[in-house]
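Below is one structure, written out as structure tokens, with a few remarks after it.
Keep in mind the model is a prediction, meaning the values are calculated, not measured. In what follows, chains carry the letters A, B, and so on, assigned in the order in which the sequence lines appear, proteins first and then strands, with residues in each chain numbered from 1.
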There are 2 protein chains.
Amino acid sequence: MLDQIYDLLKQYDLRMTPQRKAILEILYNCRGHHLETENIYQLLSIGPDKKRKAGIATVYRTMEMFEKVGLVSRLSMEDSPSRYELVLPQEINHHHLICLKCGRVQELDDVLTEEFKKIILENKNFVVTAKPIKIFGYCDGCSQKCNSIDDFKMKIGSGFNV
Amino acid sequence: MLDQIYDLLKQYDLRMTPQRKAILEILYNCRGHHLETENIYQLLSIGPDKKRKAGIATVYRTMEMFEKVGLVSRLSMEDSPSRYELVLPQEINHHHLICLKCGRVQELDDVLTEEFKKIILENKNFVVTAKPIKIFGYCDGCSQKCNSIDDFKMKIGSGFNV
DNA sequence: CTCGGTGCAAAGATTTTGCATTATT
DNA sequence: AATAATGCAAAATCTTTGCACCGAG
């Protein structure tokens, strides 16, 4: 894997460094999770050799670069820090179902994804990018439960008319 | 309209204040735009009576509350402040196509929206909420143009294998 | 050897919070 | 009168940046 990433970076005149390697390793080991920058930063200090392997600024800079280059997908949940996940090639163009209750992230598979893109292109002349679409709602397990409004004060009113 | 909103707030033991009225008025006058908190704050000072009608903290608190109550939809573009738009009842459940190039926001109509929700529920057992889905890509006018990677360094590589 | 990368600490930007005061109900 | 809301300024949070030094190619 490193070889291909190395080549990818080379295309952009970017260098492979120990810090970048360490971050990639973390991302790879955490496939399927969306890590906050802070998580990554902390994980950088708990390897075999207990010394921190990159500064927080480097983590930010690296994640920004990785995103631009397409190596990771960024997920920004409102009101919280950005989170990143390594984009494995077979996952390019997958989109996310994000549970508002438990935070679980499921991915839409290619068939649905392509279908969506086609429908939107046909109807709106809008080209959907590889940037993951975030679809919020309630997952299987949580779908009977309350939503964020409940947490605020009480049960939701059923709308109103202007 | 104020009456229904007043009732809605009453359900949650929330009060109608001059500040909230002023903010609602701005949101109403700017239907179709997603305003940043800062925009709203500034607009609050340029009415007929030139004095500021609410502090920035009040704007933040008000928008948070309006969102929880379902009065506005929040759109958070990555790397920039949250933006809000009044949710008119007939627009509940509309979703957004957001152009990465020019920032234009189009809405998906009910038919597409319902179709999407149905497909996702059938396939994934996932209940999509009223929370607007943000679909990123390139609008009609911009779809031939470059994307953010181009802005970064140069043309995109066509992917890589792990 | 060159130029991109790093670490640190300072600065920025956005948002939240504590608290005394004000105003809605 | 009770309690929610406000304004202000301070603080918190997340992220970016300047700069001197380091190290990959």
Report summary line: Quick tally for nucleotides 19-25 of chain C: nucleotides whose base has a protein heavy atom under 4.0 Å get B, sugar-phosphate-only ones S, the rest -, giving ----BBS
Requested in this report: Report yes if at least one side-chain N or O of A:Ser82 is closer than 4.0 Å to OP1 or OP2 of D:dC14; otherwise report no.
Outcome: no
Requested in this report: Output yes when a side-chain donor or acceptor of B:Arg20 lies under 3.5 Å from a complementary backbone atom of B:Arg15, and no otherwise.
Outcome: yes
Query raised in the report: Taking OP1 and OP2 of C:dG4, is either one under 4.0 Å from a side-chain nitrogen or oxygen of A:Arg20?
Result: no
**Report entry** Whole-Å distance separating the CD1 atom of A:Ile56 from the P atom of C:dC8
**Finding:** 12 Å
Requested in this report: Check the distance between D:dC14's C1' and A:Tyr41's OH and give it to me in whole angstrom.
Outcome: 14 Å
Query raised in the report: A:Glu38 CD to D:dT16 P: how many Å, rounded?
Result: 14 Å
**Report entry** side chain to side chain contact (heavy atoms under 4.5 Å, CB included) partner of B:Lys53, chosen from B:Leu44, B:Ile23, B:Leu43
**Finding:** B:Leu44
Query raised in the report: Looking only at atom types and distance, does a side-chain atom of A:Asn29 sit under 3.5 Å from a main-chain N or O of A:Glu25, one as donor and one as acceptor?
Result: yes
Report task. Kindly say whether B:Ala54 contributes a backbone atom to a donor-acceptor pair with the side chain of B:Thr58 at under 3.5 angstrom? Result -> no
Query raised in the report: Is there a donor-acceptor pair under 3.5 Å between the side chain of A:Asn39 and the backbone N or O of A:Glu36?
Result: yes
Query - Nearest-0.5 Å distance that lies between atom CD1 in A:Ile26 and atom NZ in A:Lys21 - result: 14.5 Å
Report task. Measure from CE on A:Met65 to P on D:dT16 and round the result to the nearest Å. Result -> 14 Å
Query - B:Leu9 side, atom CG; B:Asp7 side, atom CG - distance, nearest 0.5 Å - result: 9.0 Å
Report task. Would you mind reading off the bend of the helix from C:dC1-D:dG25 to C:dT25-D:dA1 from its two end axes, five pairs each, to 10 degrees? Result -> 40°
Query raised in the report: Does A:Gln19 have a side-chain nitrogen or oxygen under 4.0 Å from the phosphate oxygens OP1 or OP2 of D:dG23?
Result: no
**Report entry** Candidates D:dC8, D:dT15, C:dG7 - which lies nearest the side chain of B:Ala57
**Finding:** D:dC8
Requested in this report: Calculate, to the nearest 0.5 Å, the distance between atoms CD1 and CG belonging to B:Ile5 and B:Leu71 respectively.
Outcome: 5.0 Å
**Report entry** 5' priority, DNA chain C, between B:Glu36 and A:Gly55 [closest heavy atom]
**Finding:** A:Gly55
**Report entry** Side chain of B:Thr58 - closest among C:dG7, D:dC14, D:dG7
**Finding:** D:dG7
Query raised in the report: What is the distance from CD of A:Gln11 to C1' of D:dG25, rounded to the nearest Å?
Result: 17 Å
Report summary line: Nearest heavy-atom contact between A:Tyr84 and A:Thr37 is CE1-OG1, 3.6 Å
Query raised in the report: Are any of A:Tyr60's side-chain N or O atoms less than 4.0 Å away from OP1 or OP2 of D:dT16?
Result: no
